Amino acid sequence: MNILIIGDVVGSPGRGILKKALRVLRKQRDVEYTIANVENAAGGFGVTKDVCDEILDAGVDCMTSGNHIWDKKEILGVIDLIPQLLRPLNYPPDQPGRGSHVGKTRSGVKVATLNLSGRVFMHGAMDDPFSLGLREVRRLREETKVIVVDMHGEASSEKTAIGHHLDGLVSAVVGTHTHVPTCDHRVLPKGTAYCTDLGMTGPYDSVIGVEKDAVLRRFLTGMPSRFETAKGDPRFAAAIVDVDPQTGLARSIDRMLLEEEDVQRMATEAT
Ligand SMILES: [Fe+2]
């Protein structure tokens, strides 16, 4: 059973290539369930209800997030009305929203998604993702063994450690947040698929999604400059994990970083 997990969707360039790639991949790779990190899907900062609706309409089943979840204030009032939109479980419990979700594939298999945040080099009041994550995984396993964890964090060591911590208990642990894909995807010894960071689904002619001249100016002068989302060279960063629905363990993980012409070629081949 193929589960598609999409790295940080950034702005309209990210949403645009997501829609095109999803249309092709769902058919060509027999994708049964799709998860995407959407914390920067609205204009490069935060997410709105309209953007969530657009992404759900494109075929995404569950959306994860991280430190940018509250950038657009309107989401505070509506996150509790969107059960498919998660914020990290280990955020303070008084924050709105939730950290896990259980959905179903087209063939009726339950898939749980768990969103965690790292604490190393991350700001904010986060609880321990290791102990809270394990407790939530044990609770979710009473409902389904097919569990995907989005570990949103900066430090590759912390993300790798949580992969091993949950190895054999979940189907996949994938990292998001850095916007830079890593090529360490593998199935860990006890059967959990792992990748430190899926990378950004968004404009690569940029500095991690932001218009590059403004970022350079800030580095060169130390002066504040207005950050805008870049537009050029949109790419689709994701992984497909083949999961055994009986055991919940992964058979393989296949990582991809598709350019627009790759998606176009795949669409042509499919017709
Ligand atoms: Fe982030």
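Values in this document were obtained by computation on a predicted structure and should not be read as measured data. Residue numbers count from 1 along this sequence. Ligands are counted one by one from 1 in listed order, and the atoms in each one are counted from 1 as well.
- Taking 2.8 Å as the criterion, His68 does not count as a coordinating residue of the Fe ion (ligand 1), since none of its N, O or S atoms falls below it.
- For Lys231 and Asp205, the salt-bridge test fails: no basic side-chain N is under 4.0 Å from an acidic carboxylate O.
- Distances from the Fe ion (ligand 1) to the N/O/S atoms of Glu39 are shortest for OE2.
- The Fe ion (ligand 1) has no N, O or S atom of Asp8 closer than 2.8 Å.
- Proximity of a side-chain donor or acceptor of Glu39 to a complementary backbone N or O of His68 within less than 3.5 Å is detected.
- Judged by distance alone, the side chain of Tyr33 and the main-chain N or O of Ile5 form no donor-acceptor pair under 3.5 Å.
- Among the atoms of Asn67, an N, O or S atom falls under 2.8 Å from the Fe ion (ligand 1).
- We find that Asp242 and Arg251 are joined by a salt bridge, their nearest charged nitrogen and carboxylate oxygen being less than 4.0 Å apart.
- When NE2 of His152 and ND1 of His177 are joined through the Fe ion (ligand 1), the resulting angle is 90° to the nearest 10°.
- At distances below 3.5 Å, at least one donor-acceptor pair connects side-chain atoms of Thr192 with backbone N or O atoms of Val170.
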